[in-house]
Number of protein chains: 2
Amino acid sequence: MGANAQIKERANQQRSLETKNKILNAAEELFSLHGFYGTSLRDISALSGVRMSLCYYHFGSKEDVLQAVVDRRADAHQQALLEPLNAYKEQFGDQPIPVDALIEAYARPIMERHLSCGNGWRNYTRLMAHLYSESAHLEPKVQVHKYDPVIKQFFAEFRRSMPHANEPELHWAIYFLRSSVINMLLDTQLVDDQSAGLCDSGDLAQVITRLKSFFSKGLQEP
Amino acid sequence: MGANAQIKERANQQRSLETKNKILNAAEELFSLHGFYGTSLRDISALSGVRMSLCYYHFGSKEDVLQAVVDRRADAHQQALLEPLNAYKEQFGDQPIPVDALIEAYARPIMERHLSCGNGWRNYTRLMAHLYSESAHLEPKVQVHKYDPVIKQFFAEFRRSMPHANEPELHWAIYFLRSSVINMLLDTQLVDDQSAGLCDSGDLAQVITRLKSFFSKGLQEP
DNA sequence: GTCTATAATGAGATAGAC
DNA sequence: GTCTATCTCATTATAGAC
């Protein structure tokens, strides 16, 4: 292969990547807003400005597009979730990590991406939440549940910080925390509406403060 | 109109009602499992055993079927939610109702219908939860949010029971409670999976106990 | 009220020229 | 890699006989 051909191939790969990302960005937004079945490849094509046939060329099928959307940010998101946890582990060593620090370590990376890292991350986190209710019908075609190991690690740390709590009670408490975070990711405006605007689910600092103060009360030792 | 004609008309109305309910039952189940867009009228027709054209005759459109499903149990559900609250109001009179009683008054009617009143109610409550994430795309064609006044009444009672709590904090706490209940209605098995079966989200007594003990801790006066 | 048949639209997916 | 054109199928919805 000549030098010219190599340059051409590089340019093509670059353009291919850009096209793929245009598709994924549009799909991410629409899937997260209207669900998998509420979104057609025509919608994605229209929003992305990329011809429909290219979606098939690059991904194969609608389900494959969803899978690609899910996969694109999965590793980065997992890393972001574990980073503060590991930092705390290092900081506290053998000592247990305080409960409110654990709550923040869990909630902040998620809510931060949802609220202050741009539309891409906002759509991605919303989609992840949305998929919890759609996944039953989507699997096994699409692999969605990628964060179970992360939850396991968080549970282990909560356990260490609350040695006297009984196991089921602790599981329920962490589940309630997860439910609340997941619900916020859906952007249902439930708390904003309920409080007639007094509470702002779009305010990261407020969200983290409220999560910490409420759930650390529930997660105290008896 | 002769007596014979009247009898015939009665029988027809009866049959008509049965057909409608067959359709609504199937729609309730499928919408609640796969969402509005994940369900076709063909699916509903197949599951109910009623011809597709009859769905149009009785309701008009797919959206109208959803609306009818939502409406069918709405009043009964509202009543069921307010009944224990009003009973407590009567019982305690001017005294504030204890917080854990309020939590139970809110959660039990919902979770009871979800877990121990048969498949119809189970599907209905699951659908209501599901619609929180789909409603943005469905409105204004379908009117879904029918429980805001109920929440208002509950908030007022929580307020009375916790006169020193600040308003936003109270709103957030009640919102976290609602999130957890809503998530359980979706039957995602999150807590069952997370705890490897140690916790059972299908056990009504367990669910109520855990909700009360956890959320009453978070809802204490400072 | 119920049935069959069918219209009309939109969906996912593919073929083949460039 | 990109485009146009098209296929095939499922969907919502309607018309008209009984």
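Order of the sequence lines fixes the chain letters, A, B, ..., with proteins taken first and strands second; residue numbering starts at 1 for each chain.
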CG of A/Asp64 versus C1' of C/dG12: gap in Å, rounded? 12 Å
Please confirm whether the shortest side-chain N or O distance from A/Arg42 to OP1 or OP2 of C/dG10 is below 4.0 Å. no
Using a cut-off of 4.0 Å on non-hydrogen atoms, how would the nucleic acid contact of B/Ser61 be classed: base, sugar-phosphate, or nothing? sugar-phosphate
Grab the CD-C1' distance between B/Glu63 and D/dT12 for me, whole Å please. 10 Å
Figure out the CZ/C1' separation between A/Arg51 and C/dC18, and round it to whole Å. 14 Å
Report yes if at least one side-chain N or O of A/Ser40 is closer than 4.0 Å to OP1 or OP2 of C/dA11; otherwise report no. yes
Would you say A/Asn123 and A/Arg73 are linked by a side-chain donor-acceptor pair, where the criterion is simply a distance under 3.5 Å? no
Could you give the NZ-to-C1' distance, from A/Lys141 to C/dG12, as a whole number of Å? 11 Å
Please determine whether a side-chain nitrogen of the Lys or Arg among B/Arg126 and B/Glu28 lies less than 4.0 Å from a carboxylate oxygen of the Asp or Glu. no
Within less than 4.0 Å of OP1 or OP2 of D/dT2, is there a side-chain N or O belonging to A/Thr19? yes
Distance, rounded to the nearest Å, where A/Tyr37 contributes OH and C/dG10 contributes C1': 17 Å
N or O in side chain of A/Ser16 less than 4.0 angstrom from D/dG1 OP1/OP2: yes
Whole-Å gap separating P (D/dT2) and CG (A/Asn12): 8 Å
Aromatic contact, A/Phe31 with A/Tyr124 (centres under 6.0 Å): no
Looking at B/Tyr56, does any N or O in its side chain come under 4.0 Å of the phosphate oxygens OP1/OP2 on D/dA13? yes
Using ring centroids (six-membered ring only for Trp), state whether B/Phe176 and A/Phe215 fall under 6.0 Å. yes
B/Arg15 or B/Met52, whichever maps to the more 5' nucleotide of DNA chain C: B/Arg15
Separation of D/dC9 atom P from A/Leu41 atom CG, nearest Å, is 18 Å
Consider the side chain of B/Tyr57, meaning its heavy atoms from C-beta on, and name the nucleotide among C/dT2, D/dT12, D/dG1 that approaches it most closely. C/dT2
May I have the distance from A/Leu54 (atom CG) to D/dT4 (atom P), rounded to whole angstrom? 10 Å
Picking from D/dT14, D/dT2, D/dT11, which would you name as closest to the side chain of B/Ser53? D/dT14
Test item: B/Glu134 and A/Tyr37 side chains (from C-beta on) under 4.5 Å apart, heavy atoms: no
